[in-house]
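Have a look at the structure below before the remarks.
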Amino acid sequence: MEFVTYEVENQIGIITINRPKALNALNSAVLDDLEEALNGVDLDTVRVLILTGAGEKSFVAGADIGEMSNLTKAEGEAFGKKGNDLFRRIETFPIPVIAAVNGFALGGGCEISMSCDIRICSDNAVFGQPEVGLGITPGFGGTQRLARIVGVGMAKQMIYSARNIKADEAYRIGLVNAVYPQEELMPAAKKLAATIAKNAPIAVRNCKKAINDGLQTDMDQALVIEEKLFGDCFETYDQKEGMAAFLEKRKVEAFLNK
Ligand code: CAA
C-alpha cells in the first residue's frame, strides 16, 4: 500500500493514512489502500482498530479537491459511492474502530472520523464540512452522520456555514469524546483500545452490532435485535468464563474470542 500503513500491537490494529504532502487528503488510491488495509485485518487476533493520520498537522484534509475538480455528474456520484461504501464498511466493521484525530479533519476527514465508533482528538484538531464553499455537498456521509452525532440543528449550521470548529468546540457539541495534548493522543487511543480489547470480544462485537442495527429501526425491533445478540453470548466460552470468574471471586483467566 502506497498511502496507508497497517501495524498490529497487542491485539490493536493501527491504520495510518500516510499522504502528508497533501495533508492526507483522500484520493481514489488512498480509498483503495484503506480498503486493502481493512481486508488485511485478522479478526481472530485483532480486537480494536485505531485510525489516524501521518504527521502532526492533519488527520485527513478532505477528499482530494484536485481529483474531484473535473468530475462529471456520473463520476461525482460514483466517487461519492466509493467513499460511502468504504466508510460504511468501517462503520459496520465487526470490531470497534477509534478515530485518533491528530489535526485537520475537514470534509471527507470529518466524515471518515464519523464512520468510526469513537472519536478522540488532539488539541490542534480542526473539524468542519467546508464543501458548500467549494460548490458541492458533503459527499462521504457528512449530511447523514453529522446530524446523527451532534443533532440536526448544529449539523445544519456547520454544513450550511462551512465554518470550521476547533477541538474544544468539537468536544462541547459531542463530536469527540475527549481532547488530548498532541503527544498524548496516540497513547490515549492505545489505552482506550487496550481497555476495550481486555473485554470479551464477541460481547463487544455484539454490542457494536446491537447499537448500530438498533439505531436504524424502531425501539420494538431494536430491542429484539438486542435480545438475539444477548442470547448469542450464552453460546460462548467467554460468557461461561466471565460469569464463572465472578462467581468464584477470581479474575478472568482469558477471554478466548469463542
Ligand atoms: N485535496 C487536495 N489537496 C489538498 C487538500 C485536499 N482536500 N487539502 C490540502 N491539500 C494540499 C494542498 O493543495 C497543498 O498542496 P501543495 O503543497 O502541493 O500546494 C498541501 O496539501 C498543503 O496544504 P496547504 O498549503 O493548503 O496547507 P495550509 O496549512 O495552508 O492549510 C488547510 C491547511 C486549511 C487544511 C487547507 O489545506 C485546506 O483548506 N484544505 C482543503 C480542506 C477542504 O476543503 N476539505 C474538503 C474537501 S471536499 C470533500 O471532502 C468532499 C467530500 O465530502 C467527499
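Scope of the values below: all heavy atoms of this structure, side chains included, with no hydrogens, waters or symmetry mates. Indexing begins at 1, ligand by ligand and atom by atom, following the structure's order.
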Salt-bridge criterion met for E111 and R145 (N-O under 4.0 Å): no

Protein residues having a heavy atom less than 4.0 Å from any atom of ligand 1: K21, A22, L23, A25, K57, A61, G62, A63, D64, I65, M68, F104, L106, G107, G108, E111, P130, E131, L134, I136, P138, G139, F140

Basic-acidic side-chain contact under 4.0 Å: D117, K208: yes

Aromatic contact, F140 with F79 (centres under 6.0 Å): yes

Electrostatic pair K82:D32 at N-O distance under 4.0 angstrom: yes

Side-chain donor-acceptor distances from residues 213-229 under 3.5 Å, at least two apart:
residue	atom	partner	partner atom	Å
D213	OD2	K209	NZ	2.7
D218	OD1	D220	N	3.0
D218	OD1	Q221	N	3.1

Partner of D85 under salt bridge (Lys or Arg N to Asp or Glu O under 4.0 Å), chosen from K81, R88, R89: K81

